[in-house]
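The chains referred to below are lettered A, B, ... by the order of the sequence lines, with proteins before strands, and numbering in each begins at 1.
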Protein chains: 2
Amino acid sequence: MAVTVILDGACYCLGIMSEKQRDLRERTRRAVRNEIAEAANELFVERGFEATTIDDIAAAVGMSQRSVFRYFSSKEEVVLGKFDLVVDDMLAALRARPADEAVWTSLRRVFDVLTSLAEMPGSVRMVEPIHRMVFETPVLLAGYLQKLQHMQDAVVAELMDRAEAAGTPYAADDPTPRALTAAAFGCLVAAQHSWLASGAQGSFTDAVDRAMATVGPRA
Amino acid sequence: MAVTVILDGACYCLGIMSEKQRDLRERTRRAVRNEIAEAANELFVERGFEATTIDDIAAAVGMSQRSVFRYFSSKEEVVLGKFDLVVDDMLAALRARPADEAVWTSLRRVFDVLTSLAEMPGSVRMVEPIHRMVFETPVLLAGYLQKLQHMQDAVVAELMDRAEAAGTPYAADDPTPRALTAAAFGCLVAAQHSWLASGAQGSFTDAVDRAMATVGPRA
DNA sequence: GCCTAGGATGGCAGTTACTGTCATTCTGGA
DNA sequence: TCCAGAATGACAGTAACTGCCATCCTAGGC
């Protein structure tokens with residue numbers, strides 16, 4: 001262990017690997033990751049999530065099981081991993097809103113990151129079946145809700161920063177920012193439910209708008 | 001398979017096993033289940049959830065691993081299983097509210113089932129550490145959020161029944177009941193967060209009240 | 001007190017998700 | 001051409017489950 005640390009440190013300090021090389025590796029890594037995820041999603045919607053093994057996925061992309069796990073920390077991540085990237089976009093979207101905008105409005109705008117993702121022309125075909133799969137497979141639903149919780153944590157932190165920067169900080173034990181955020185995300189899930197229940201007709205954006213119109217901050 | 005079904009059917013129809021016997025079995029089953037859960041929770045808070053194996057739990061209660069799985073379908077269920085019983089209580093609490101009460105108020109009262117559970121004298125000692133463990137262990141948090149989602153499904157169905165019985169049914173695609181319920185449960189989680197963040201001082205009930213006061217239905 | 005039906009249990013083999021390790025291979029830059 | 005370091009494959013190992021079968025236990029009928 002000690003040896004490993006020393007070696008790692010030495011390599012890093014010497015900076016033998018160039019910036020360019022690092023970028024390239026990073027890009028190819030992402031490409032392979034996407035390739036695996038796409039192949040896996042085909043299998044998942046075809047046979048179901050639980051009926052598809054990691055070995056199946058590995059075979060489909062011509063890799064060893066071990067290598068698949070080098071790209072995804074778990075089977076669920078193959079489906080849900082994309083949401084990790086979304087968090088940064090959501091924070092960026094939140095920071096782009098005027099600091100004095102009503103929190104509820106800002107939260108609605110944050111969800112544009114998700115709606116635009118769902119309405120991207122390239123991925124539209126798979127959006128609904130995968131969506132449905134997530135809500136129908138217990139382990140995926142659980143993982144998805146947990147991701148949403150992480151997003152909320154990040155958003156709450158950003159909201160508190162924003163309030164402080166605006167000179168109107170929340171008290172340390174004020175549940176307001178967290179409650180508002182949780183309510184907004186609750187509306188998001190409710191919108192997903194009704195969108196799926198309606199057979200994914202109509203726009204998802206509208207569903208979010210309608211859900212968020214029924215609830216709001218008090219006074 | 002066919003044989004099994006026929007045999008089961010025959011046994012059931014003949015009613016060989018008496019009602020009393022059935023009840024007794026049921027009661028002892030619950031007792032054993034509780035015993036396992038309590039022993040397991042001790043181990044969980046002591047060593048952590050992931051560091052405790054099913055074999056550890058089985059050894060602690062003097063059973064085989066196989067038998068533990070006859071009482072709990074998964075390791076998470078040992079911690080989260082109790083919430084399955086709560087659903088029925090919540091529905092009963094909801095039905096006990098006046099049909100014309102504001103939905104937000106009824107939802108707040110539904111949560112009394114949870115707060116009273118958390119403040120029961122017998123279990124108070126373990127409530128906070130387990131609570132904390134659930135929020136800090138990813139797989140438990142995911143499972144917990146999923147249970148909350150199930151509760152919401154049940155509550156939404158009941159709210160729709162109630163509205164229909166009162167002669168003011170929701171439209172089929174109206175997201176209102178689901179959005180309100182989701183917002184309320186979001187407030188619940190927010191309250192749990194702030195309660196834990198404050199070191200579990202103050203009453204949990206107050207935390208829920210404060211969180212739910214910041215959000216509400218719109219006109 | 002014996003007998004029997006049917007649940008409860010234990011043990012064991014098997015599957016799958018995942019992890020650590022090591023030897024090998026690939027790749028871009030000097 | 002050579003080399004550093006990343007990518008890969010193969011293999012062994014763990015832990016959460018699941019199915020199966022033989023055995024045991026218990027409550028009720030006789």
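- Proximity of A:Ile54 to A:Phe72: side-chain heavy atoms (C-beta onward) are nowhere separated by under 4.5 Å.
- For the pair B:Glu76 CD and C:dA17 P, the computed distance is 16 Å after rounding to whole Å.
- Classification of A:Glu42 and A:Arg125 as a salt-bridged pair holds, one side-chain N sitting under 4.0 Å from a carboxylate O.
- B:Phe83 places a side-chain heavy atom less than 4.5 Å from the side chain of B:Leu114.
- Residues from residues 134-149 of chain B placing a heavy atom under 4.0 Å of any atom in DNA chain C do not occur.
- Residue contacts for A:Tyr71: at a heavy-atom cut-off of 4.0 Å it reaches the sugar-phosphate backbone alone, with no base atom in range.
- Atom-to-atom distance recorded for B:Leu188:CG and B:Arg108:CZ is 9.0 Å, nearest 0.5 angstrom.
- One atom, CZ of A:Phe69, and another, P of D:dT14, lie 18 Å apart when rounded to the nearest Å.
- Whole-Å rounding puts the B:Lys75 NZ to D:dT18 C1' distance at 17 Å.
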Output one line per pair: protein atom, nucleotide atom from nucleotides 22-26 of chain C, and distance, for all N/O pairs under 3.5 Å.
none

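- In this structure, A:Met126 CE and A:Asn41 CG are separated by 5.0 Å, a value rounded to the nearest 0.5 Å.
- Which of C:dC18, D:dC20, D:dA16 sits closest to the side chain of B:Arg66 comes down to D:dC20.
- Rounded to whole angstrom, the span from the CZ atom of B:Phe72 across to the C1' atom of D:dT18 amounts to 18 Å.
- For the residue pair A:Ser203/A:Glu119, the side-chain donor-acceptor check at 3.5 Å is not satisfied.
- Applying a 4.0 Å cut-off to non-hydrogen atoms, the residues of residues 52-65 of chain A that approach DNA chain C are A:Thr52, A:Thr53, A:Ile54, A:Gln65, listed by residue number.
- Of the residues listed (A:Arg97, A:Glu158, A:Arg162), the one engaging A:Ser106 in a side chain to side chain donor-acceptor pair (under 3.5 Å) is A:Arg162, and it is the only one.
- When the nucleotides D:dG9, C:dG10, D:dA16 are ranked by their closest atom to the side chain of B:Ser67, C:dG10 comes out on top.
- Between the CD atom of B:Glu26 and the C1' atom of D:dA27 there is a distance of 16 Å, given to the nearest Å.
- Nucleotide C:dT9 holds its C1' atom 12 Å from the CD1 atom of B:Ile36, rounded to whole Å.
- Taking the side chain as every heavy atom from C-beta outward, A:Phe49 and A:Glu136 never approach each other to under 4.5 Å.
- In the model, B:Asp174 has a side-chain atom that pairs as donor or acceptor with a side-chain atom of B:Thr176 under 3.5 Å.
- Within 4.0 Å of B:Thr28, counting heavy atoms only, lies no atom of the nucleic acid at all.
- A salt bridge is absent between B:Arg95 and B:Asp161; no separation between the charged side-chain nitrogens and carboxylate oxygens falls under 4.0 Å.
- Taking atom CD of residue B:Glu50 and atom P of nucleotide C:dC18, one finds them 12 Å apart after rounding to whole Å.
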Exercise for the section: Give the intermediate values and the outcome of side-chain hydrogen bond (donor to acceptor under 3.5 Å, both in side chains) for residues B:Thr137 and B:Glu50. Expected result: CA-CA 8 Å; B:Thr137 309; B:Glu50 291 171 345; over 6 Å; no
